[in-house]
Amino acid sequence: MRTRIKFCGLTRPGDVRLAVELGVDAIGLVFAAGGPRCLALDHAGALREAIPPMVTAVALFMDNPGSEVEAVVRRLRPDLLQFHGGEDDAFCRGFGLPFAKALAMGRGPGDAVNARKRYPSASAFVLDGHAPGEPGGRGERFDWSLVPGLGRPVLLAGGLSADNVGEAVRQVRPFAVDVSSGIESAPGVKDGGRMQRFIEEVRRADSNFAG
Ligand SMILES: O=C(O)c1ccccc1NCC(=O)[C@H](O)[C@H](O)COP(=O)(O)O
């Protein structure tokens with residue numbers, strides 16, 4: 001099975017168009033407050049328009065008020081929501097869209113092993129390298145040998161780049177890989193060469209498993 005690829009934290013429509021041309025499967029738009037990739041709703045419209053059908057548009061939140069999530073859902077019509085904070089299952093499923101719940105693995109699996117019970121409505125889990133309570137998008141890896149069986153598609157995230165994603169795919173065989181810092185020249189500024197090399201390395205790793 002082909003490893004899906006999500007590029008997260010894009011802030012420029014040209015970067016979205018290039019990522020789509022390169023063959024990315026999902027684009028993450030960040031609305032978690034405070035970070036360098038956080039988008040204003042008006043600005044996000046141009047980015048959303050650059051995401052064509054058949055590429056998953058993901059809207060990402062971290063403890064945003066429900067009213068903010070609703071405004072993004074109404075204006076941008078994302079395909080998938082991604083929650084990175086202490087949001088519970090009822091909150092996450094309350095917007096009528098599939099959602100992925102991020103699980104902080106930076107201090108070991110901890111509560112991640114109970115994620116399926118805590119988030120029975122989740123369509124997928126993002127296993128990320130940050131510590132609980134911390135934001136993602138900081139290039140932090142975690143010990144991939146700690147990935148628990150969750151009974152749902154896993155998006156492996158945290159400190160991935162073209163240099164290590166092949167090893168991550170071979171070791172974890174995740175449903176998808178999710179990257180932000182590792183394809184950037186500066187926070188929120190994606191680098192075309194890094195995007196291309198990242199995708200090439202995922203495809204190379206997948207070819208090891210091709211029948
Ligand atoms: O990307 C952000 O700025 C961000 C801010 C707050 C919460 C989550 C955030 N990103 C979540 C993602 O899905 C990132 O792609 C993931 O954490 C991996 O980031 P990186 O380690 O930089 O590749």
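Read the numbers this way: they start at 1 and go in the same order the structure lists the ligands and their atoms.
Remark: minimum distance from atom 12 (C) of ligand 1 to any protein heavy atom is reached at C8 SG, 3.6 Å. Taking atom 1 (O) of ligand 1 as the reference point, the nearest protein heavy-atom neighbour is R37 NH1, 3.2 Å. Protein heavy atom closest to atom 17 (O) of ligand 1, with residue, atom name and distance, is D128 OD2, 2.4 Å. The nearest heavy-atom contact from the protein to atom 8 (C) of ligand 1 is G136 N, 3.4 Å. Nearest protein heavy-atom contact of atom 22 (O) of ligand 1 is S181 OG, 2.4 Å. Of all protein heavy atoms, the one lying nearest to atom 23 (O) of ligand 1 is S180 N, 2.8 Å. Atom 18 (C) of ligand 1 has G158 N, 3.8 Å as its closest protein atom, hydrogens excluded (heavy atom only).
Between E200 and R203 there is no salt bridge, since no side-chain nitrogen of the basic residue lies less than 4.0 Å from a carboxylate oxygen of the acidic one. At a threshold of 4.0 Å, the pair R93-E87 does not count as salt-bridged, since none of the basic side-chain nitrogens sits closer than that to a carboxylate oxygen. Between D15 and K190 there is no salt bridge, since no side-chain nitrogen of the basic residue lies less than 4.0 Å from a carboxylate oxygen of the acidic one. Checked for salt-bridge contact, K101 and D89 miss the test: no charged N lies under 4.0 Å from a carboxylate O.
Residue G159 has at least one nitrogen or oxygen atom sitting less than 3.5 Å from a nitrogen or oxygen atom of ligand 1, judged on distance alone. At least one N/O-N/O distance between G137 and ligand 1 falls below 3.5 Å. Residue G139 places at least one N or O, backbone or side chain, under 3.5 Å from an N or O of ligand 1.
Of the candidates H84, H130, M62, E134, H84 brings a heavy atom nearest to atom 11 (C) of ligand 1.
Taking every heavy atom of A32 and a limit of under 4.0 angstrom, the matching atoms of ligand 1 come to 6 (C). Atoms of ligand 1 found under 4.0 Å from any heavy atom of P135, numbered from 1 in the order shown, are 6 (C). Atoms of ligand 1 found under 4.0 Å from any heavy atom of K6 (numbered from 1 in listed order, with element): 13 (O).
Note: F31 and F61 have parallel aromatic rings, judged against thresholds of 30 and 60 degrees for the angle between ring planes.
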Q: Kindly indicate, with the supporting measurements, whether the criterion side chain to side chain contact (heavy atoms under 4.5 Å, CB included) is fulfilled by L156 and V147.
A: CA-CA 9 Å; L156 186 70; V147 170; 4.2 Å; yes

Q.
For E167 and W144: C-alpha separation, side-chain torsions, deciding distance, then whether side chain to side chain contact (heavy atoms under 4.5 Å, CB included) applies.
A. CA-CA 10 Å; E167 178 199 344; W144 297 329; 3.6 Å; yes

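With 3.5 Å as the limit, one finds no donor-acceptor pair spanning the side chains of R194 and S161.
Residue-level proximity to ligand 1 for E140 is carried by the backbone, the only part with a heavy atom below 4.0 angstrom. In L60, the part holding a heavy atom less than 4.0 Å from any atom of ligand 1 is the side chain.
A donor-acceptor contact shorter than 3.5 Å links the side chain of H43 to the backbone of T11. In this structure, the side chain of R116 does not engage the main chain of G149 through any donor-acceptor pair within 3.5 Å. Panel note: side chain D25, backbone R4; no donor-acceptor pair is recorded below 3.5 Å.
Under the 4.0 angstrom criterion for non-hydrogen atoms, E184 is not in contact with ligand 1. The closest approach between any non-hydrogen atom of D178 and ligand 1 is below 4.0 Å.
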